[in-house]
**Student:** 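Let me give you the structure first, and then I'll get to my questions.
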Amino acid sequence: MLGLRGAGLAWGLRVVTPAWRRCPFGLSLALARTAGAWGARDWRVPAPGAPRGRALSLSAAAVVNWAPRPLQPYLRLMRLDKPIGTWLLYLPCTWSIGLAAEPGCFPDWYMLSLFGTGAILMRGAGCTINDMWDRDFDKKVMRTANRPIAAGDISIFQSFVFLGGQLTLALGVLLCLNYYSIALGAASLLLVVTYPLMKRITFWPQLALGLTFNWGALLGWSAVKGSCDPAVCLPLYFSGVMWTLIYDTIYAHQDKRDDALIGLKSTALLFRENTRKWLSGFGIAMLGALSLAGANSGQTLPYYAAVAAVGAHLAHQIYTVDIHRPEDCWDKFTSNRTLGILLFLGIVLGNLWKEKTEETKKLKMLE
């Protein structure tokens, strides 16, 4: 799975009265943001009486460091200190929930909150499974040698118990949805369990990750509507898979030397110096699928403006990344949080624009 870092997940709810009154469920926008999400900036306040150099921080890593010491290995095992992976799992859910909202309404805040909780739990469970499978490989790679299982901070038995707890909580979240969505969500568990094995048998583990990480593009719509609309959900899911191929190939270039030495496979090792050509193709496919999903869901101008912004963001990532500099690969990889939020905002504004367009047509007819 992704070894990820970023900032902590926090929920903000904002109600806009005119749109709220018109929505059947009292919908409101729940836009998740993080402290310091746009870079490495941490807001620090000196603690009274704290030793020189010690400070409080709102970053996720700092929260984990300030947690009780016995809990810290478990929080690191679920990558709570590196929440960028949770964002990348969660954002396709927000796209789908946003597209499923009624015209003129914000996405359902309850669904956004529910899926945010599920994303934290399932990303943590996926990381636990990944580290259990890869404990021997992780010991041989400098970047992963300090992971809790590889470092011996958590035993395999303790990992199983912790995994069971995460999956039980995630099941509780899933049971809050309709029966169709429960069955659909349960079907993703096979992908979650088998993804970590793909790097041993194929040069396309990033494709397996894409199929896993973007399941929310199907589940979000069905949770709101009661079932999937293939005309919208399948193009959206496909676009997410293409997106994952882009960002995780960039990510994989960080570890390509170690992966080659220990016999693991990745698209970074497969594409090598042709990486930009492949990623360009994935980017074009992603933009085409997003356009199709928008057309099939009756989206409006703000949505397509956001898709254009996504295209510009992808072009910048692909044509400026230095695949031989791990730190630059990391920076490009984490910038995909911004890309995903851009698209979500475009979906929300495009959905609000639908009502404005309809009202304009009615006024013209009255005239």
Side-chain angles (χ1 to χ4, degrees), residues 9-35 37-38 86-120 173 176-178 180-181 214 216-229 231-233 235-237 239-240 290-291 293-310 337-363:
L9 184 65
W11 288 101
L13 303 179
R14 186 182 187 124
V15 177
V16 178
T17 306
W20 182 34
R21 281 203 210 101
R22 291 189 291 269
C23 299
F25 304 108
L27 306 183
S28 64
L29 173 63
L31 180 58
R33 295 192 63 187
T34 58
W38 307 107
T86 303
W87 276 101
L88 296 176
L89 178 62
Y90 175 58
L91 283 165
C93 305
T94 69
W95 303 345
S96 190
I97 293 169
L99 286 173
E102 293 296 320
C105 294
F106 286 111
D108 187 342
W109 70 268
Y110 174 71
M111 285 298 175
L112 289 171
S113 302
L114 204 63
F115 274 75
T117 304
I120 294 170
V173 172
C176 295
L177 307 180
N178 55 61
Y180 182 99
S181 300
N214 294 282
L218 307 175
L219 194 56
W221 181 283
S222 73
V224 175
K225 297 288 193 181
S227 63
C228 284
D229 180 354
V232 178
C233 295
L236 188 66
Y237 182 55
S239 69
L290 286 175
S291 299
N296 290 341
S297 59
Q299 270 295 340
T300 54
L301 182 61
Y303 173 83
Y304 295 105
V307 171
V310 165
R337 173 178 46 220
T338 305
L339 183 155
I341 292 174
L342 268 176
L343 183 59
F344 175 64
L345 291 175
I347 291 170
V348 172
L349 294 175
N351 209 49
L352 294 176
W353 189 273
K354 286 181 185 179
E355 187 177 46
K356 187 180 292 186
T357 303
E358 290 171 4
E359 287 177 352
T360 303
K361 288 180 179 178
K362 287 178 182 177
L363 287 172

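As the structure is a prediction and not an experimental result, all values here were calculated from the model. Because only heavy atoms are used, hydrogens play no part in the values below, and waters and symmetry mates are left out as well, while side chains stay in.
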**Student:** Please find the pair of heavy atoms, one from Asn214 and one from Gly240, that lie closest to each other, and give the distance.
**Tutor:**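 That would be ND2-O, 3.0 Å.
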
**Student:** Considering all heavy atoms of both residues, which atom of Trp87 and which atom of Ile341 are nearest to each other, and what is their separation?
**Tutor:**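 Between these two residues, the closest heavy atoms are CZ3-CD1, 3.8 Å.
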
**Student:** With sequence neighbours left out, what residues match Asn178 under side-chain hydrogen bond (donor to acceptor under 3.5 Å, both in side chains)?
**Tutor:**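 Here the qualifying residues are Ser181.
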
**Student:** Check for a donor-acceptor pair, side chain of Tyr303 on one end and backbone N or O of Gly298 on the other, with a separation under 3.5 Å.
**Tutor:**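 No; judged by distance alone, with no hydrogens or angles, the pair does not exist.
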
**Student:** Which pair of non-hydrogen atoms, one from Leu88 and one from Arg337, has the smallest distance, and what is that distance?
**Tutor:**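 Nearest heavy atoms, Leu88 then Arg337: CD2-N, 4.4 Å.
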
**Student:** Quick one: are Tyr237 and Pro92 in side-chain contact, heavy atoms under 4.5 Å?
**Tutor:**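 Of all side-chain heavy-atom pairs linking Pro92 with Tyr237, none is under 4.5 Å.
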
**Student:** Side chain of Trp95, backbone of Gly220: donor and acceptor closer than 3.5 Å?
**Tutor:**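 Checked: no pair found.
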
**Student:** Using a 4.5 Å cut-off on heavy atoms from C-beta on, say whether the side chain of Ile347 contacts that of Thr94.
**Tutor:**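 The answer is no, as the side chains (C-beta and beyond) never meet within the 4.5 Å cut-off.
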
**Student:** Checking Asn351 side chain against Leu99 main chain: does a donor-acceptor pair fall under 3.5 Å?
**Tutor:**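 Not a single qualifying donor-acceptor pair exists.
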
**Student:** Flag the pair Ser96 / Leu219 as yes when at least one side-chain heavy-atom distance between them is below 4.5 Å, and no otherwise.
**Tutor:**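 They are not in contact (no side-chain heavy atoms under 4.5 Å apart), so the answer is no.
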
**Student:** Indicate the atoms forming the closest heavy-atom contact of Ala306 with Gly346, along with that distance.
**Tutor:**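 Residues Ala306 and Gly346, closest heavy atoms: CB-CA, 3.5 Å.
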
**Student:** Kindly give the heavy-atom pair with the smallest separation between Tyr90 and Ala119, and that separation in Å.
**Tutor:**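 So the two residues come closest at CB-CB, 3.8 Å.
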
**Student:** Donor-acceptor check, side chain of Ser239 to backbone of Leu236, threshold 3.5 angstrom: yes or no?
**Tutor:**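 Answer holds: yes.
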
**Student:** Taking atom CG of Leu349 and atom CZ of Phe344, what is their separation to the nearest 0.5 Å?
**Tutor:**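 Those atoms lie 9.5 Å apart.
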
**Student:** Does some side-chain heavy atom of Phe115 sit less than 4.5 Å from a side-chain heavy atom of Leu177?
**Tutor:**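 Leu177 vs Phe115: side chains touch.
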
**Student:** Counting only N and O atoms by type, is there a donor-acceptor contact under 3.5 Å from the side chain of Thr86 to the main-chain atoms of Ile120?
**Tutor:**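 A pair under 3.5 Å: no.
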
**Student:** Once rounded to the nearest 0.5 Å, what's the spacing between atom CG of Leu343 and atom OG1 of Thr338?
**Tutor:**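 Atom-to-atom, Leu343:CG and Thr338:OG1 are 13.0 Å apart.
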
**Student:** Answer whether the closest heavy-atom distance between the side chains of Phe106 and Leu352 falls below 4.5 Å.
**Tutor:**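 Touching, per the 4.5 Å side-chain cut-off.
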
**Student:** How would you list, by chain and number, every residue that makes a side-chain contact (heavy atoms from CB on, under 4.5 Å) with Ala295, sequence neighbours excluded?
**Tutor:**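 In terms of side-chain contact (heavy atoms from CB on, under 4.5 Å), with neighbours along the sequence ignored, Ala295 is linked to Tyr304.
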
**Student:** Between Ala293 and Val232, which heavy-atom pair has the shortest distance, and what is it?
**Tutor:**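 Where Ala293 meets Val232 most closely, the heavy atoms are CB-O, 3.9 Å.
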
